[in-house]
Structures are given as C-alpha cells and as structure tokens.
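Let me begin by presenting the structure, written as structure tokens, before commenting on it.
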Amino acid sequence: MHSSHRAYPRGARVAHLLREEIAAVLPRLHGMPSDLVLLPPSITMVDLPTDMRSATVYFSLMDGPERAGAVRQVLQDHAGEIRQLLGRRLALRRIPPLHFIYDARFDRGAEMAELLAHLPPAQEPEQEDLP
C-alpha cells in the first residue's frame, strides 16, 4: 500500500466520493417537489463509520432551516432511489444505507453575521492628556 493511502484512508475517500455523487444524482430523482428542484439542498458532508455499514449524509439549505424537516423527509423517502443511482455510478461492492440530517452549522454562521452587522460601531478609547 502506498503511504498516501494511509494518510487518506479508504473510508474518508469513499465518504468524499459519496458526497460528490449524491449531490450529482439529486437532480435526477423522480417526483421531487418543485421547491427542491428550484432550491436544492447542498450536501455538506458524509459521515461513514469504519465498517461502512451506513452513511450519515448532512445537507444544508440556501434559504435557511424553515424547510429542513420537509426536505429531510423527501431525501429519506428517496434514499433507496439514490442508492440505486449511486450503485450504477460507483465501483463499490455495496452502497450503504443513507440517513439524512440537516446541517445547521451554516445557519449559526449566518445568525452570527447578522448579529455582528447590527452592533454599534466601536468607540475609540479616549487619549489621556500627558503633561
């Protein structure tokens, strides 16, 4: 085995590949609601345990968390179809079951930016007159 493979283990490579390929197959799903076609979720990360028996797929939404529950349910309902499409695209012996979770990390960043944008400007410290 090459030393580069040890630095980037198979599980991490497969997780990265799954993230890219799930994002690529989402537009091909049949019967997707129109709001998902117009504002599709972004696949942010795939967590794959070392046994690769399941995959947790994290997604975010450009328009915020309001649709997260509904989008997660649609993705979960289409998980079997997504696995079939992945099976045709990837040279993997087995595609693990997919479990979708909304990734709220980006929402917190947007909330923080909004709070910082509304802070009053910092006051300059007053200089004391030196004798």
Applying side chain to side chain contact (heavy atoms under 4.5 Å, CB included) to Met52 and Arg10, what does each step give before you reach the verdict? CA-CA 10 Å; Met52 292 193 256; Arg10 182 172 189 267; 2.8 Å; yes
Determine yes or no for a side-chain-to-main-chain donor-acceptor pair under 3.5 angstrom, with Glu20 supplying the side chain and Ala15 the backbone. no
Where do Arg83 and Ile95 come nearest, in terms of heavy atoms and distance? NH2-O, 2.5 Å
Would you call Ser54 and Pro49 a side-chain contact if the rule is heavy atoms closer than 4.5 Å? yes
Distance (rounded to the nearest 0.5 Å) between Leu90 CG and Leu17 CG: 4.5 Å
Under 4.5 Å between side-chain heavy atoms, chaining through other members, with only Ile, Leu, Val, Met, Phe, Trp and Tyr counted: pull out the rest of the cluster around Tyr58, sorted by chain and number. Met45, Ile101
For residues Thr44 and Asp103, is any side-chain donor paired with an opposing acceptor at under 3.5 Å? yes
To the nearest 0.5 Å, atom CZ of Phe59 lies from atom OG of Ser42 at 10.5 Å
Kindly give the heavy-atom pair with the smallest separation between Ser60 and Tyr102, and that separation in Å. CA-CE1, 3.9 Å
Taking all non-hydrogen atoms of both residues into account, name the closest pair between Leu85 and Arg28 and its distance. CD1-CB, 4.4 Å
Between His78 and Leu26 (side chain of the first, backbone of the second, donor and acceptor by atom type, cut-off under 3.5 Å), is there such a pair? no
Arg72 side chain reached by Phe100 side chain, heavy atoms, under 4.5 Å: yes
Residue list, side chain to side chain contact (heavy atoms under 4.5 Å, CB included) with Leu36, at least two apart or on another chain: Met32, Pro33, Pro41, Arg67, Val71, Val74
Would you sort out whether Val57 and His99 count as a side chain to side chain contact (heavy atoms under 4.5 Å, CB included), showing the intermediate values? CA-CA 6 Å; Val57 181; His99 305 283; over 6 Å; no
Please list, chain by chain and in numerical order, all residues satisfying side chain to side chain contact (heavy atoms under 4.5 Å, CB included) with Pro96, sequence neighbours excluded. Leu18, Leu48, Ala55, Arg94
Establish whether Leu39 and Leu75 are linked, either directly or via other cluster members, by ILVMFWY side-chain heavy-atom contacts under 4.5 Å. no
Tell me if a side-chain donor or acceptor on Glu81 pairs with a main-chain N or O of Leu29 at a distance below 3.5 Å. no
Where do Ile22 and Leu86 land on the side chain to side chain contact (heavy atoms under 4.5 Å, CB included) test, with the steps shown first? CA-CA 7 Å; Ile22 290 168; Leu86 293 173; 3.8 Å; yes
For Pro27 and Ala23, the nearest pair of non-hydrogen atoms, with its separation, is CD-O, 3.5 Å
